[in-house]
Amino acid sequence: MKIDKAVIAQTPESSPKSSLLREKGLMKGFIDHYSETRGKTIIYSSALLMIIAVVAITLFLTVQGLRSFFVDHINFWSFITGTKWSLDQTNGASYGAFPFIFGSLSVTLLAAVFATPVAVGCALFMAEIAKKWGQRVLQPIIEILVGIPSVVYGLIGLSVIVPFMRVHFGGSGFNLLAGSLVVGIMILPTVASIAADSLRAVPDSLREASFAIGGTKWQTIWRVVIPAAGSSIVTAIILGMSRAFGEALAVQMVIGNTFQMPHSIFAPAATLTTVITGSMGDTTTGSVSNDVLWSLGLILLVISYIFILIIRMLAKRRNA
Amino acid sequence: MSSKVTNRIALSLIVLCAIIMAGILAALLGYILVNGVTSISWHFLTSESDPFLAGGGIKDQLWNSFYVLIITMILTVPIGTSGGIYLAEYAKPGKLTSFIRSCVEVLASLPSIVVGMFGMLIFVNYFQFRFSVLSGALALTVFNLPVIVRVTEDGFHSLSSHQKEGGLALGLTHWHTIKTILLPAAFPSILTGIILSAGRVFGESAALLFTAGMSTPNLNFTNWNPASPTSPLNMFRSAETLSVHIWAVNTSGIIPDIQTVANGSAAVLVICVLLFNLLARGLGKVINNKLSGKS
Amino acid sequence: MMIQLDTNIANFTNDKGEETPVQIEVKDVNIFYGSNHAVKDVNMPIHEKSITALIGPSGCGKSTFIRTINRMNDLIPIARCEGNILYRDNNILNPKIDVVQLRKEIGMVFQQPNPFPKSISENIQLPLKFAGMRNKKILKETTENCLKEVGLWDEVKDRLDHSATGLSGGQQQRLCIARALALKPSVILLDEPTSALDPVSTSKIEELLLRLKKDYTIVIVTHNMQQAARIADYTAFFYQGELVEFGLTRNLFTHPEKKSTADYISGRFG
């Protein structure tokens, strides 16, 4: 009853005011509407642009990469599995990309093998052992390391690691191991910082539970914290591997760049990226030698997509 | 007893890993700076590189790096921030949104050389921009866009929902709320992210190899007419950047002082990246203090 | 209120109604959180094979205090303890003491059930594995015994390899108790073990504790006075960091000596 009265009492008073407001509001509403539409247009078109970028990259690189198979009629299977690579058109060219696929994958794997223990150890230090120190000292160090350009890593590899290899293992010093070490050091900070984030996400109640049943610090880390952070740490490693896989110039500077299959880690080798960077400038657009480089690029793209898919699958499993 | 020993050993190993990490940074910075700083001189920074003789500088390369960076940032910042705002504020959960998110993720994870190859195919060959500043900047845009999108989205997500509700409650439209309330509030963290990404763009090399090229025409630094082929501002000339230069002199250079030039260039590059890093931290802190009223 | 409670106090110190010997002697314990003096000059005995309840309004220091008994406060960098907690001729607060061994003898169960995101059996076997046990047969037996002891065996025996996080809250908490039992500790500390649970699960846990006190010394923090009255032999009332009153539960609830104790148990504050 009371409410009714209040409504009735208010209505006559407020109606002229509200009509006044509406007049003002009309203009304001118009401007607002205009600005809202304009804002939305900008925003939606930038979202659209990102879709276009991805679709265009995938589409164009695929079309261009398939040329050597459909236009130049190179056998796909022998391209993937062949081990002889020669762009010399006069003496019979041969397009066997297997040494490069093998080189790329071994650099990636070796880099992960070098980087993972140190990176995870470093993450454990930051997240489990010395949180203050980790936050204040190690975190900035890692951020700086992430920011250092890859050519600088390559240059260091060239002027430190390569001479070291030459003195201790013989040969030219340019080899698969040097390439893997350079890339391994390069991905260290990336893996460490993502791994530290995933360790920090493990709830403290699990650590407490583990200490309360007589776990030592290490037992707690090994049996409880790492399994709980599990797939996130794996994601960190795979992200690092995908970076290692895609790195071009740093590897190219130290790996030796031969077209032969490496017979040991102390032998010079080549990867998909190094062959592309090395030969792209020497070939003319539209020639077979050029087309096969784009095919290498396509392989690079496909394997990168596989990495992305693995990372997505891990993320999905984590959320499920 | 044995579990105690294991504990001791394992913990020492972890500490060792941290020391290794810190040691790598110290060694890396130490090596670059100690070897490089001695080759940096006013002459080195302000003279042109010499293709055959010793004593060349890096003036053009340094200029090109900054020029490409600026064009890239002019292209990426508006597009990237609006993309980030879209994902943070407008995107409704659904197939389209998750597809856009996947696109951002894919763009962020593609090797930069793939982006470079794409740039060569589209900007250099198809649009006929040739090896040029513009082609390079466009390729770097593709490369940097996802970073800015993420930085913006994270900046918006870290704001409390009260601020948005406050704006909407005042009768502002959604766009107005974003423009007048949310964007300024998220500004410090977005700015920090943008500067850090600038450091990444500045050091990028593989994506520029096939787009900005590996040479620079003779530049006349008194000619500021962007249409002139010798002008530093010309966007349609090829432009070798500092990081590409480091790679190029090491792999195909024939100058006698490769070591000096490479170390000096690397030192300049690293110092610039460190400055970006410090700037990002410093500015973020200053703006935060201002916003929270600590003068 | 007091009289009502009186009839609920059914249990005595042990089966014969006698007081059991003192197992842990707390002497002049002070705990600081940074500059905050959280627990002040606490002196009290903890009797063997009995249930001691710590009650008091929130923020009174009871949780801080119980976490000191197995040195869980070590995990908090700003926490600092002074005084003596004597257990088997050792001072628990001695910095040189082996906290890992200590926690094997004095187990703990927390407010929020915190099973490891692993299988049910793995949860119980983990403390044994921590202690170096590798014998599969013993691991299996202990799993079964511990689960039977907490009355969970029949509910989970068909899915021992399922994740423990799939259990209900009450089941998870009983699993956590079973996990604490796996090492055959002499003392079990429980920090508000039922406050996150529903009444049915709560009464199951209370029954369980009454059964367990035949073999274990139990210390429980509870904000629920009725719970203390139902299950505890001894009760300690904490208020603003001080131990206001300690005694046999039936005495404390029927004839509290201090006024603030009387006020609290009759519901006038807190």
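In what follows, every chain begins at residue 1, and chains take the letters A, B, ... in the order their sequences are listed.
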Measure [X] against the heavy atoms of chain B and call it side chain, backbone, both or neither at under 4.5 Å.
{"X": "Ile221(A)", "answer": "side chain"}
{"X": "Tyr153(A)", "answer": "side chain"}
{"X": "Leu124(A)", "answer": "both"}
{"X": "Trp294(A)", "answer": "both"}
{"X": "Pro140(A)", "answer": "both"}
{"X": "Ala56(A)", "answer": "both"}
{"X": "Tyr305(A)", "answer": "side chain"}
{"X": "Leu188(A)", "answer": "both"}
{"X": "Ile51(A)", "answer": "both"}
{"X": "Ser159(A)", "answer": "both"}
{"X": "Leu239(A)", "answer": "neither"}
{"X": "Glu247(A)", "answer": "neither"}
{"X": "Thr273(A)", "answer": "both"}

Exercise. Mind ranking Ser205(B), Ala266(B), Gly83(B) by heavy-atom pairs under 4.5 Å with chain A and telling me who comes out on top?
Key: Ser205(B)
Practice problem: Heavy atoms only, distances under 4.5 angstrom: which of Ile85(B), Leu13(B), Thr251(B), Ile122(B) has the most pairs with chain A? Name it, please. | Solution: Ile122(B)
Practice problem: Give the intermediate values and the outcome of side-chain contact (heavy atoms from CB on, under 4.5 Å) for residues Met117(B) and Gln64(A). | Solution: CA-CA 10 Å; Met117(B) 292 174 82; Gln64(A) 190 73 14; over 6 Å; no
Quiz item: Do Trp247(B) and Leu155(A) touch side chain to side chain, with heavy atoms closer than 4.5 Å?
Solution: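 Trp247(B) vs Leu155(A): side chains apart.
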Practice problem: Compare all side-chain heavy atoms of Leu107(B) with those of Ile57(A) and state whether any distance is below 4.5 angstrom. | Solution: yes
Exercise. Begin with the C-alpha distance, continue with both residues' side-chain angles, and end with the deciding distance and a verdict on side-chain contact (heavy atoms from CB on, under 4.5 Å) for Trp218(A) and Ile14(B).
Key: CA-CA 10 Å; Trp218(A) 172 244; Ile14(B) 291 175; 4.0 Å; yes
Need one label for [X]: side chain, backbone, both or neither, based on atoms under 4.5 Å from any heavy atom in chain A.
{"X": "Phe99(B)", "answer": "side chain"}
{"X": "Val149(B)", "answer": "side chain"}
{"X": "Asn35(B)", "answer": "neither"}

Quiz item: Applying the side-chain contact (heavy atoms from CB on, under 4.5 Å) test to Met50(A), which of Leu145(B), Val106(B), Ile79(B) qualifies?
Solution: Leu145(B)
Self-check item: For Val273(B) against Gly147(A), the heavy-atom pair lying closest together
Solution: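 Heavy-atom minimum between the residues: CG1-O, 3.3 Å.
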Self-check item: CA sep, side-chain torsions, deciding dist, call: Ile276(A), Phe210(B), side-chain contact (heavy atoms from CB on, under 4.5 Å)
Solution: CA-CA 10 Å; Ile276(A) 296 171; Phe210(B) 307 142; 4.0 Å; yes
Quiz item: How many angstroms lie between atom CG of Leu274(B) and atom CD1 of Ile144(A), to the nearest 0.5 angstrom?
Solution: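 Spacing of CG (Leu274(B)) from CD1 (Ile144(A)) equals 5.5 Å.
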Quiz item: Once you round to the nearest 0.5 Å, how far does OH of Tyr90(B) lie from CD1 of Ile43(A)?
Solution: 5.0 Å
Quiz item: Does atom CZ of Phe60(A) have more than 12 heavy-atom neighbours from other groups under 6.0 Å away?
Solution: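 Open.
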Quiz item: Under 30°, 30 to 60°, or over 60°: which ring-plane class applies to Tyr86(B) and Tyr44(A), parallel, tilted or perpendicular?
Solution: perpendicular
